[in-house]
Protein chains: 2
Amino acid sequence: MSNQNKELKKTGLKATLPRIRILEVLELTKNEEAHMSAEDIYKELLAAGDDVGLATVYRVLTQFESAGIVKKHNFEEGHAVYEVISDDHHDHMVSLDDGTIYEFNDDLIEQRQKEIAQERGFELVEHSMVLYVRKINS
Amino acid sequence: MSNQNKELKKTGLKATLPRIRILEVLELTKNEEAHMSAEDIYKELLAAGDDVGLATVYRVLTQFESAGIVKKHNFEEGHAVYEVISDDHHDHMVSLDDGTIYEFNDDLIEQRQKEIAQERGFELVEHSMVLYVRKINS
DNA sequence: CTCCGTGCAAAAAATTTGCAACTCA
DNA sequence: TGAGTTGCAAATTTTTTGCACGGAG
């Protein structure tokens with residue numbers, strides 16, 4: 001039994017071919033920091049010879065999001081992108097010089113964010129933070 | 001000569017009625033933290049008796065963004081929202097319950113962000129931070 | 001065998017574009 | 001006047017939904 005199959009079982013979703021394949025694509029690209037859109041995944045699957053519908057990709061991604069195994073981002077214009085949720089949280093720092101993306105994590109900020117929400121009667125569910133930076137002396 | 005008229009002059013854009021009206025709507029709502037979508041602004045204008053096209057609202061907002069007088073956000077699902085850029089910087093907190101957007105500013109985090117960049121040899125140019133929160137049950 | 005899930009096509013929703021008419025400087 | 005701008009309609013793009021068939025348990 002594959003990894004994906006197990007993971008799907010845990011969510012209560014039936015281990016169907018489209019779901020397994022979509023999860024595979026997301027897992028394979030997760031180390032490359034490649035946030036993929038529904039369309040991207042769809043094309044990837046077609047190229048791999050799988051016969052899936054784009055609507056299914058959308059539906060499955062929505063189900064995965066509800067199940068808490070993928071995260072949907074609205075970073076980009078015009079379309080959402082998805083990434084598998086891993087255990088290590090990180091934020092992003094983007095170099096304006098060359099577009100390189102660095103990951104970082106800061107407990108002080110994480111803590112303060114929770115406090116800010118709580119001070120206003122909310123609980124922090126999640127956050128997104130991106131720092132746009134430029135190399136000093138260049 | 002109106003405020004909006006002056007502001008438009010500075011950008012090099014012709015001070016046309018649709019542009020002035022759109023800027024007015026954005027200015028009027030900026031204190032209410034009401035980040036509006038193109039559709040919102042369009043409906044607001046129609047309600048006020050102005051005869052504008054939705055396409056024009058989109059076009060004008062894009063021009064305003066290029067001119068640096070409004071900022072476009074993608075924190076909601078499905079559509080972008082806009083706000084006039086003012087001198088006081090703030091970040092956003094989005095309620096997952098009803099989509100309300102709150103603004104806040106935290107010097108501690110601002111300071112830490114600069115340090116994080118500097119520790120890695122960068123200078124912080126700008127940043128985006130959005131907290132997604134949920135009302136605490138009681 | 002029974003549902004849950006799928007593909008397809010069509011619908012919605014969000015945004016962009018082509019173009020003739022219009023208007024501000 | 002005349003380049004820049006607009007409104008309208010049609011085109012695109014992104015995502016969702018209805019429905020009959022098909023596959024997993």
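In what follows, every chain begins at residue 1, and chains take the letters A, B, ... in the order their sequences are listed. Here the structure is a predicted model, which is why all the values come from computation and not from measurement. The basis for the numbers below is simple: all heavy atoms, side chains too, and nothing from hydrogens, waters or symmetry mates.
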**OP:** Look at the rings of H90(B) and H92(B) and say which category their plane angle falls in: under 30° parallel, 30 to 60° tilted, over 60° perpendicular.
**Re:** perpendicular

Original post:
Does a side-chain heavy-atom distance below 4.5 Å link R21(A) with E24(A)?
Top reply: yes

Original post:
To the nearest Å, how far apart are L61(A) CG and dG5(C) P?
Top reply: 15 Å

Original post:
In whole angstroms, how far is the C1' atom of dG5(C) from the NZ atom of K14(A)?
Top reply: 7 Å

Original post:
Do the side-chain N or O atoms of R19(A) get closer than 4.0 angstrom to the phosphate oxygens (OP1, OP2) of dG5(C)?
Top reply: yes

Original post:
Can you find a heavy atom in the side chain of V25(A) that is under 4.5 Å from one in the side chain of D40(A)?
Top reply: no

Subject >> V130(A)-L96(A) co-clustered via ILVMFWY side chain contacts under 4.5 Å >> reply: yes

Original post:
Rounded to the Å, how far apart are K9(B) NZ and dC24(C) C1'?
Top reply: 10 Å

Original post:
Taking side chain as C-beta onward, heavy atoms only, is F64(A) less than 4.5 Å from Y82(A)?
Top reply: no

Subject >> Neighbours of DNA chain C within residues 37-57 of chain B, by heavy-atom distance under 4.0 Å >> reply: L54(B), A55(B)

**OP:** Would you mind reading off the distance between Y58(A) atom OH and dA13(C) atom P, rounded to a whole angstrom?
**Re:** 15 Å

Original post:
Ignoring hydrogens and geometry, is there a side-chain-to-backbone donor-acceptor pair from R19(B) to K14(B) under 3.5 Å?
Top reply: yes

Original post:
Tell me: CG of L8(B) to C1' of dC24(C), nearest whole Å?
Top reply: 12 Å

Original post:
Atom NE2 in H127(A), atom CG in L131(B): separation rounded to 0.5 Å?
Top reply: 7.5 Å

**OP:** Anything under 4.0 Å to a heavy atom of chain A counts; send over the first and last such nucleotide of DNA chain D, read 5' to 3'.
**Re:** dT14(D) to dG25(D)

Original post:
Among E126(A), E110(A), E103(A), whose side-chain hydrogen bond (donor to acceptor under 3.5 Å, both in side chains) with H89(A) holds?
Top reply: E110(A)

